[in-house]
> 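Got a structure for you, questions after.
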Amino acid sequence: REGEMEMHGQHQRNLEYDLHFTDRVIAATGPAANPRMKQIMPALLRHIHDFAREVDLTVEEWVAGVEMMNEAGRMSTAQRNETQLICDVLGLESLVDEITSKLLLRTNSSSNNATPSAVLGPFYRADSPFLANGSSIISPLTRNSPWYRTAVPLLAHISGRVLSASTRKPLANAIIDVWMADPNGLYSQQDRDQPDMNLRGRFRTDEHGRYEMYALRPTAYPIPLDGPAGRLLRLLDRHPYRPAHIHFIVSAEGYGTLTTQVFDCEDKNTGNDVVFAVKRELLVRFEERVGDEKAKWELKYDFLLCEA
Ligand code: MBD
Ligand code: FE
C-alpha cells in the first residue's frame with residue numbers, strides 16, 4: 001500500500017475521543033490475573049490505545065497490521081523467526097536486551113565486567129553438533145563443492161577463553177554455541193547450497209577454560225526481504241544491512257548464560273546496523289594468521305561471564 005500511505009499524509013488529527021474507554025478496558029482485568037500481567041497490561045493498553053488515537057488509526061490500517069502479524073506467524077518456524085525479525089528492525093529486541101542488562105547490573109554488580117550481551121536474532125537453532133576443540137564449523141560435506149571455494153579466502157581461526165568476570169578464573173567445561181552466515185549472507189537453513197547445520201556448532205572449554213575453532217571471517221549482508229519485515233523496511237525507506245557478525249551463546253555451570261555477537265570492526269556498516277545491535281565493546285579485529293594453511297584470518301576473543 002505504498003502509494004496509499006502518501007495520500008494519507010494529511011490525515012485528520014485530534015478527533016475527540018472518550019479516554020474513559022481505555023480505563024474500562026484496563027479495569028476489565030480480573031483479580032486472579034497474574035501479578036506481572038496486572039503490572040504490565042495497563043501500560044500496554046494505554047500505549048496501544050494512545051497510539052491508535054494519536055494517528056487516528058483506521059480499520060483498514062489496523063487490518064493491514066493484523067495481516068502482517070498473521071503472515072509473520074505463518075512464516076515463522078524453528079529455523080527462522082519472522083516475528084522476531086520484525087521486532088528486530090523496530091529496535092525492540094535490542095531495547096529489551098539493554099533493559100535486561102541494566103536490570104542484571106542492579107542485582108549483580110559483577111555483570112559490569114562481563115562481556116556485553118547482544119540480540120539472539122531469528123536464525124538460532126538449538127541442538128547444533130558438539131565439535132572437538134580445534135575443529136571446524138564448516139561441514140566436511142562442503143569440501144570440493146563450489147560453495148567451499150567462496151569460503152576459502154575467509155577461513156578463520158577463532159580461539160580464546162571463558163573466564164569469570166569477577167575473578168578472571170578460567171571456566172572449564174563451558175559451552176560455546178556458535179553460528180554464522182556464509183559469504184553469500186545466508187545461514188544454512190536459508191540456503192540449498194549448504195548442508196544442514198553448516199557454520200554452526202558447540203564447543204566445550206578445556207581445563208584451562210580454552211576454546212578453539214575454525215570458522216569464517218564474517219561478511220555483511222542484507223536481512224531476508226521476502227517477508228513482512230522486508231516490506232516494512234521498504235515502506236520506511238530503510239537499508240537492510242547487518243554488519244559482519246558471529247553469534248555466540250556461552251554458558252557455564254553457576255554462571256549467567258551470555259547471548260552475544262561480535263562484529264568485524266573493519267566493516268563499514270558497524271555504525272548503522274539494521275537491527276541496532278552493535279556495541280562498541282563487541283567490535284573485534286581479525287588479524288592475518290601466519291603459518292596455517294587452514295586459515296588466513298585469526299581472531300582471539302575471551303568471554304567473561306558473571307556469577308548466576
Ligand atoms: C540476523 O542474522 C541477525 O543476527 C539478526 C539479529 C537479525 C536479522 C538477521
Ligand atoms: Fe545473524
Side-chain angles (χ1 to χ4, degrees), residues 1-9 11-13 15 17 21-22 24-30 33-34 36-100 118-127 179 181 185-192 196 221-242 247 259 273-277:
R1 305 256 174 76
E2 276 154 88
E4 230 173 280
M5 289 285 228
E6 269 161 61
M7 282 163 45
H8 284 242
H11 71 248
Q12 309 160 258
R13 279 178 182 277
L15 299 174
Y17 293 108
F21 175 69
T22 299
R24 270 171 54 214
V25 176
I26 291 171
T29 300
N34 128 349
R36 180 64 174 156
M37 288 296 280
K38 282 184 181 160
Q39 185 184 23
I40 71 177
M41 286 307 291
L44 176 67
L45 290 166
R46 261 189 284 106
H47 285 287
I48 213 164
H49 286 204
D50 282 346
F51 158 71
R53 283 184 287 255
E54 183 177 328
V55 303
D56 300 323
L57 193 70
T58 66
V59 168
E60 200 186 345
E61 289 166 337
W62 165 78
V63 166
V66 168
E67 280 171 357
M68 181 190 201
M69 287 196 239
N70 287 345
E71 189 181 348
R74 278 194 301 273
M75 282 182 73
S76 293
T77 63
Q79 314 244 327
R80 169 172 169 184
N81 193 328
E82 184 74 10
T83 313
Q84 187 157 359
L85 185 59
I86 290 172
C87 291
D88 288 351
V89 304
L90 297 177
L92 184 60
E93 193 181 1
S94 282
L95 179 59
V96 296
D97 169 52
E98 185 195 346
I99 293 166
T100 304
V119 300
L120 178 72
F123 292 120
Y124 174 67
R125 285 182 65 189
D127 303 317
W179 70 105
L186 297 172
Y187 286 86
S188 54
Q189 67 264 48
Q190 299 175 272
D191 188 2
R192 289 156 168 273
D196 192 40
Y221 60 81
I223 65 165
L225 297 172
D226 57 338
R231 257 190 344 271
L232 184 58
L233 288 181
R234 255 181 280 119
L235 284 166
L236 295 173
D237 186 25
R238 281 176 53 181
H239 78 76
Y241 291 98
R242 285 228 66 207
H247 295 267
T259 299
D273 180 2
V274 64
V275 303
F276 311 97

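Along the sequence shown, residues are numbered consecutively beginning with 1. Quick note: numbers below take in every heavy atom, side chains included, and nothing from hydrogens, waters or symmetry partners.
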> Just checking, is any N or O donor in the side chain of Tyr17 or Asp50 under 3.5 Å from an acceptor N or O on the other one?
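Side chains of Tyr17 and Asp50: no pair found under 3.5 Å.
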> Could you give the distance from CD1 (Ile86) to CE (Met68), rounded to the nearest 0.5 Å?
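The CD1 atom of Ile86 sits 4.0 Å away from the CE atom of Met68.
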> Please enumerate all residues that pass side-chain hydrogen bond (donor to acceptor under 3.5 Å, both in side chains) together with Thr22, with sequence neighbours excluded.
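Residues passing side-chain hydrogen bond (donor to acceptor under 3.5 Å, both in side chains) with Thr22: His49, Arg53.
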> Please report the interatomic distance CZ(Arg242) to NE2(His239), rounded to the nearest 0.5 Å.
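Interatomic distance, Arg242 CZ to His239 NE2, rounded to 0.5 Å: 10.5 Å.
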> For Ile48, does the CD1 atom sit with more than 12 other heavy atoms under 6.0 Å from it, leaving out its own atoms?
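Count not over threshold, so no.
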> Is the closest side-chain heavy-atom distance between His247 and Phe123 below 4.5 Å?
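Of all side-chain heavy-atom pairs linking Phe123 with His247, none is under 4.5 Å.
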> Under the salt bridge (charged side-chain N to carboxylate O under 4.0 Å, His left out) rule, collect the residues that match up with Asp237, sequence neighbours excluded.
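So Asp237 forms no salt bridge (charged side-chain N to carboxylate O under 4.0 Å, His left out) with any residue.
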> Rounded to the nearest 0.5 Å, how far does CG of Asn70 lie from OG1 of Thr83?
10.0 Å
> Atom CZ of Arg74 and atom CD of Glu67: how far apart are they, to the nearest 0.5 Å?
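With rounding to 0.5 Å, CZ (Arg74) is 8.5 Å from CD (Glu67).
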> Are Asp97 and Thr259 close enough that some pair of their side-chain heavy atoms sits under 4.5 Å apart?
no
> Can any side-chain N or O of Glu93 pair as donor or acceptor with the backbone N or O of Gln84 at less than 3.5 Å?
no
> Holding to side-chain hydrogen bond (donor to acceptor under 3.5 Å, both in side chains), I want the full list of residues that pass it with Asp127, two or more places apart in sequence or in another chain.
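For Asp127, no residue satisfies side-chain hydrogen bond (donor to acceptor under 3.5 Å, both in side chains) once neighbours in sequence are set aside.
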> I'd like to check the ring pair (Phe, Tyr, Trp, His ring centres under 6.0 Å) partners of Tyr124; sequence neighbours left out, ordered by chain and number.
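Testing Tyr124 for ring pair (Phe, Tyr, Trp, His ring centres under 6.0 Å), a comparison that skips the adjacent residues, returns Trp179.
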> Can you see which heavy atom on Tyr221 is nearest to which on Gly185, and at what distance?
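Closest pair (atom of Tyr221, atom of Gly185, distance): CB-CA, 3.4 Å.
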> Is any side-chain heavy atom of Asn81 closer than 4.5 Å to a side-chain heavy atom of Leu85?
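Answer no - side chains too far apart.
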> Which heavy atom in Ala277 sits nearest to a heavy atom in Ala118, and how many Å separate them?
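In this case the closest contact between Ala277 and Ala118 is O-CB, 4.3 Å.
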> Output every pair passing salt bridge (Lys or Arg N to Asp or Glu O under 4.0 Å) with a member in residues 36-47, not counting sequence neighbours, ordered by first then second residue.
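Applying salt bridge (Lys or Arg N to Asp or Glu O under 4.0 Å) to every pair that reaches into residues 36-47, excluding sequence neighbours, yields nothing.
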> Looking at CE of Met69 and OG of Ser76, how far apart are the two atoms once the value is rounded to the nearest 0.5 Å?
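Going from the CE atom of Met69 to the OG atom of Ser76 covers 12.5 Å.
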> Which distance, rounded to the nearest 0.5 Å, do you find between the CG of Leu95 and the CG of Asp88?
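One finds 12.0 Å between CG of Leu95 and CG of Asp88.
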> Heavy atoms only: give me the nearest Ala78-Arg125 pair and the separation to one decimal.
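So the two residues come closest at O-CG, 4.0 Å.
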> Does anything in residues 78-87 form a salt bridge (Lys or Arg N to Asp or Glu O under 4.0 Å)? List the pairs, not counting sequence neighbours.
Arg80-Glu82, Arg80-Asp226
> Taking C-beta and beyond as the side chain, do Leu233 and Ile223 meet within less than 4.5 Å on heavy atoms?
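Counting from C-beta outward, Leu233 and Ile223 do come under 4.5 Å.
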> Would you say Phe276 has more than 12 foreign heavy atoms packed within less than 6.0 Å of its CZ?
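Yes, enclosed.
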